[in-house]
Each structure stands twice: as C-alpha cells, then as structure tokens.
2 protein chains.
Amino acid sequence: MNYEQSHKLILDNVGRFIDLTELEKRKYISLLTRVKVKKKSFLMQAGETAAYEYFITKGCLKVYTLDDNGAPHISMFAIEDYWTGDMASFITREPTAYFIKATEDSELLGISRANYQLLFQEIPKFERFYRILYQRSLIAYIKRSNHGISLSAEERYIVFKKNYPNLVNRITQKDLAAYIGITPEFMSKIITKVNRM
Amino acid sequence: MNYEQSHKLILDNVGRFIDLTELEKRKYISLLTRVKVKKKSFLMQAGETAAYEYFITKGCLKVYTLDDNGAPHISMFAIEDYWTGDMASFITREPTAYFIKATEDSELLGISRANYQLLFQEIPKFERFYRILYQRSLIAYIKRSNHGISLSAEERYIVFKKNYPNLVNRITQKDLAAYIGITPEFMSKIITKVNRM
DNA sequence: GAAAAAAAATGAACTAGTTTAAGACTTTTA
DNA sequence: TAAAAGTCTTAAACTAGTTCATTTTTTTTC
C-alpha cells in the first residue's frame, strides 16, 4: 500500500466527522509517521510508555495484557480503518500494561504525543473529531463491558461473530478465546456446538 | 441543595478541563434544566428515547438493563459530580434499553439534545471539554470491560471496593451483585469470605 | 411502633467453564 | 520437503458460580 492510498484512507476516516480544507489536510498528514510491522512483531510492549496513537491502513494486530499466571487477555483486534494504542499511557505517560502484536504484516500511521497536542492548536476542529470518535468508542465499550459481565461465553461468541463476521476468519481460535475470556479448549467446544445448531 | 450550590458544582467540574468567562458560564447554566428524582422513582425507562444527558449534584442512581429472564444488570452507579444518561440513545435517537432509577432522593442538571448541539455552536470550547471527558471515560471503560472478562467475581468485588470505598456503603448488596455480574447469594458468600480474610 | 416487604445469610444440588493430558492436524522454518 | 512448533479436538476430573428453598435480619410503610 503506497503513501497516497494510506493518506486517502485516514482522510476519509477523519472526513466522516469534520471537513478539512486542502491546506489542513496537508498539515494533518505532515504530523503523521508511517510505521510498518511484520507479522509476529511488536508495535508496543508492556513497560514502555505509549509514544504514539495509531491508525491502521493495512493488516491486523492484537492488543493484550498478560495476567499474573502469564495468560494473555486480548482487549481488542485492530484492523484497517481502526484506531489503536494505549490511550491511558499515551495521555498520562505512565508505563503501559499492554502488548500490541501484529497477527498479519501491517501498516499504520502514528501520531506522536507532541503532534497530538499540536494538532489541537493548529486545527481546533480536531477537538470535535476526537470528541465524536471517543463518544462512539465509548458507546461501543459500554456495551462490551456490560456483555462481558452479563452474557455467557457462548453468547459472547455469537455476538462477536455477528458484529465482526470477517474478522472471525482472520484470527486463530486461540486468540478468539483470549478475547472472549475463556480457555482455547472451551472455545473449541463452543464453536463445535454453535456450528452444529 | 440550592441553585447556586449545584451550579458551582457543575462549573467546577467543567473547569477541570476548560476555562470559561463569566459570560460563558452564565450562557452554559442557561442551557441546563434542573431535575429532582425521589428515591425509587425513574429518571429514564427502557423504550423511551433519551432526551437529556445528566450531571448529578446530589444523591445516587443506578443505570441498568433487564435481560431476557427479567434479571437486572447494573452498568453504573451515578453519584454527585458524575455524568449519566444513555449516550447511545441520546445521540442516535433510538429507544434506550436502560432504566435509570434513584436509590436515594437525587438532584440533577440535564442538558437537552437541542441544547447540547447549541452548546458546541455557542461555546466551541465545549468540544474540548467533552473530548477530554469522553477520553477519560473511555480509559475507565476499557479497563472495566477487560476486568469483566478476565477477573473472577471475587477479584471484581475487591477492585470495586478499592476504587469506590464510600459507594459500597451506599448501595445494597443485591445491587452490587447486579453490578459485579453474579447472584445475590454468591455476593453474600464473597463478602463473608473477603471480610474474614 | 407493628405489620409487611425487602434484603441478607446459609446450605444442598446443579451447570458453565477450567485444568490436565494426549493425539491429530496445520503452519512455519531450515 | 522434513522436522519442529504451534493449533485444534476430545475427554475425564475439577472449581467457580447458579438455582432453589428456608430462615433471619433490616428497612419501609401506614
């Protein structure tokens, strides 16, 4: 994927909520850093401070923590046209607890902490963009945090499959289990059962 | 609680992220509606469209859904100095799935959908206020949605008690169970066990 | 302040999800 | 392209959390 294509993708994404002039578009693009991550390599590791927030132009990554027993808990899969990073660490500068690892060869556009602040000074419209982006993410997370607590594992799997039908085929069952919050063994049973229905 | 006190509370809350002139403060206050809710009565019920977003100046409310079996799942407790409502319904105008019920006599300041939009036109600084408010809420919800999936009920209780030490004594064990995502019977066992430790 | 209603505690029988282990299948790497 | 490493499946024994039923304690209401 070339520069022009990836810039078009991010400008389209931003364009859903705010209108930018040509000059503003060029200014915005100039604040972004292009990043490539090979499959199985890390974009971020626990202990680091998150220096960037990322927009994915190609590929797929998993964002996860390791619990006290060393078991992974995936908090999101990030694919093309999605944003990722650890916002808590990005904002507070405290070390992150997350790993972000590419599950496919991926390409991203990153914005550094300094440029993120600069962006609001130079193009205040971006306060609105992020206000709306965070508002929508919040709605999605409120739903997910309720589902996590009130649905059974089987129901969580059915909801995930319905919401992200394409993603199911791009990730391993093991990773899906770490996202749903169950063991790979039980994930295998659920999939067998649900497909039989 | 009189008008002046409740206005001071909300202006202090807003003042954490943006600075307003006296004129802007008066303008903002003029866009708000004062609401009182008696203990056990509803601020919102499933099926309605959320017409307001609320700031609580006094009291405590629970935000919950009822599942297919009629069992309640509490998604948040809202107390003084917190914001509540159903943002999804407020934004999309779709009917809400939530009930919001006062667990104590409560007082709130509401902003209507029309005034919320007007606010951004009249005082664009509020894009920034909400950008930061939503960003922080998002960080909290990401954490909660991960905890819901990766921690045991006992751990979720310990985390809740640590994060909201005062709230624990203001709500019933039954409501806490509906928040933690377990039965009241198991909640009772966990509390007995944790207090024994 | 007595009666009624709701919340909390306890226990026994049950179910959803875990653990451990082993074999079959797939993907990666040299 | 063979070997190694990782993923998926299956099954038996286990644990966290549920369900149902009963009693005690606390709160609400008139």
Side-chain angles (χ1 to χ4, degrees), chain A residues 38-41 60 62 64 66-74 77 99 101-105 147-161 167-197, chain B residues 37-41 59-60 62 64 66-74 77 99 101-105 147-161 167-197:
Chain A
K38 280 248 169 245
K39 180 169 178 172
K40 288 192 185 175
S41 57
C60 182
K62 55 183 175 186
Y64 64 97
L66 295 179
D67 68 19
D68 299 343
N69 307 317
H73 296 277
I74 295 178
F77 296 102
F99 296 86
K101 193 176 191 176
T103 64
E104 302 173 0
D105 290 350
H147 282 175
I149 287 167
S150 65
L151 301 185
S152 68
E154 184 177 321
E155 289 167 320
R156 262 140 51 210
Y157 167 65
I158 291 168
V159 168
F160 181 83
K161 210 176 151 183
L167 195 47
V168 175
N169 310 308
R170 277 172 81 173
I171 59 182
T172 62
Q173 245 171 255
K174 204 185 164 192
D175 279 347
L176 183 52
Y179 176 86
I180 298 278
I182 54 175
T183 58
E185 292 86 346
F186 194 52
M187 186 81 256
S188 172
K189 275 183 203 167
I190 286 175
I191 290 175
T192 308
K193 186 186 164 197
V194 171
N195 289 342
R196 201 161 9 86
M197 294 196 309
Chain B
V37 198
K38 279 248 169 247
K39 181 167 176 174
K40 288 193 184 174
S41 57
C60 183
K62 55 184 176 186
Y64 63 97
L66 294 179
D67 69 20
D68 299 342
N69 307 316
H73 296 277
I74 295 178
F77 295 102
F99 296 85
K101 193 176 193 176
T103 64
E104 303 172 1
D105 290 351
H147 281 175
I149 288 166
S150 65
L151 300 186
S152 68
E154 185 177 322
E155 289 168 321
R156 261 138 54 209
Y157 167 64
I158 291 167
V159 168
F160 180 83
K161 211 176 150 184
L167 195 46
V168 175
N169 311 309
R170 278 172 79 174
I171 59 181
T172 63
Q173 245 171 257
K174 204 183 164 194
D175 279 347
L176 183 52
Y179 176 86
I180 297 278
I182 55 174
T183 57
E185 293 89 343
F186 194 50
M187 186 80 257
S188 171
K189 277 179 202 168
I190 286 175
I191 289 175
T192 307
K193 185 186 163 198
V194 171
N195 289 342
R196 200 160 13 83
M197 294 198 308

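In the text below, chain A, chain B and the rest are named by the order of the sequence lines, each starting its count at 1. For the numbers below, each heavy atom of this structure counts, side chains included, while hydrogens, waters and symmetry mates do not.
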K.L.:
Please list, chain by chain and in numerical order, all residues satisfying ring pair (Phe, Tyr, Trp, His ring centres under 6.0 Å) with A:Phe160, sequence neighbours excluded.
P.N.:
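Counting only residues at least two positions away or on another chain, A:Phe160 forms a ring pair (Phe, Tyr, Trp, His ring centres under 6.0 Å) with A:Tyr164, A:Tyr179.
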K.L.:
Please list, chain by chain and in numerical order, all residues satisfying salt bridge (charged side-chain N to carboxylate O under 4.0 Å, His left out) with B:Lys62, sequence neighbours excluded.
P.N.:
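Result, salt bridge (charged side-chain N to carboxylate O under 4.0 Å, His left out) vs B:Lys62: B:Asp175.
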K.L.:
Taking salt bridge (charged side-chain N to carboxylate O under 4.0 Å, His left out) as the test, write out the residues that go with A:Asp105, two or more places apart.
P.N.:
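Counting only residues at least two positions away or on another chain, A:Asp105 forms a salt bridge (charged side-chain N to carboxylate O under 4.0 Å, His left out) with A:Lys38.
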K.L.:
Who are the side-chain hydrogen bond (donor to acceptor under 3.5 Å, both in side chains) partners of B:Gln173, not counting sequence neighbours?
P.N.:
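Partners of B:Gln173 under the side-chain hydrogen bond (donor to acceptor under 3.5 Å, both in side chains) test: none.
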K.L.:
Produce a footprint string for nucleotides 3-18 of chain C: one letter per nucleotide, 5' end first; B if the base is under 4.0 Å from any protein heavy atom, S if only the sugar-phosphate is, - if neither.
P.N.:
----SSBB-B----BB
K.L.:
Mind checking salt bridge (charged side-chain N to carboxylate O under 4.0 Å, His left out) for A:Lys39 and listing every partner two or more places apart, or none if nothing turns up?
P.N.:
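In terms of salt bridge (charged side-chain N to carboxylate O under 4.0 Å, His left out), with neighbours along the sequence ignored, A:Lys39 is linked to no residue.
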K.L.:
My understanding is that only residues two or more places apart in sequence, or in another chain, count here; which of them pass side-chain hydrogen bond (donor to acceptor under 3.5 Å, both in side chains) with A:His147?
P.N.:
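A:His147 satisfies side-chain hydrogen bond (donor to acceptor under 3.5 Å, both in side chains) with no residue once adjacent residues are dropped.
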K.L.:
Holding to salt bridge (charged side-chain N to carboxylate O under 4.0 Å, His left out), I want the full list of residues that pass it with B:Glu185, two or more places apart in sequence or in another chain.
P.N.:
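Partners of B:Glu185 by the salt bridge (charged side-chain N to carboxylate O under 4.0 Å, His left out) criterion come out as none, since no residue qualifies.
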K.L.:
Please give the angle, rounded to 10 degrees, between the axes at the start and the end of the helix from C:dG1-D:dC30 to C:dA30-D:dT1, where five pairs define each axis.
P.N.:
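Between the axes fitted at each end of the helix from C:dG1-D:dC30 to C:dA30-D:dT1 lies an angle of 70°.
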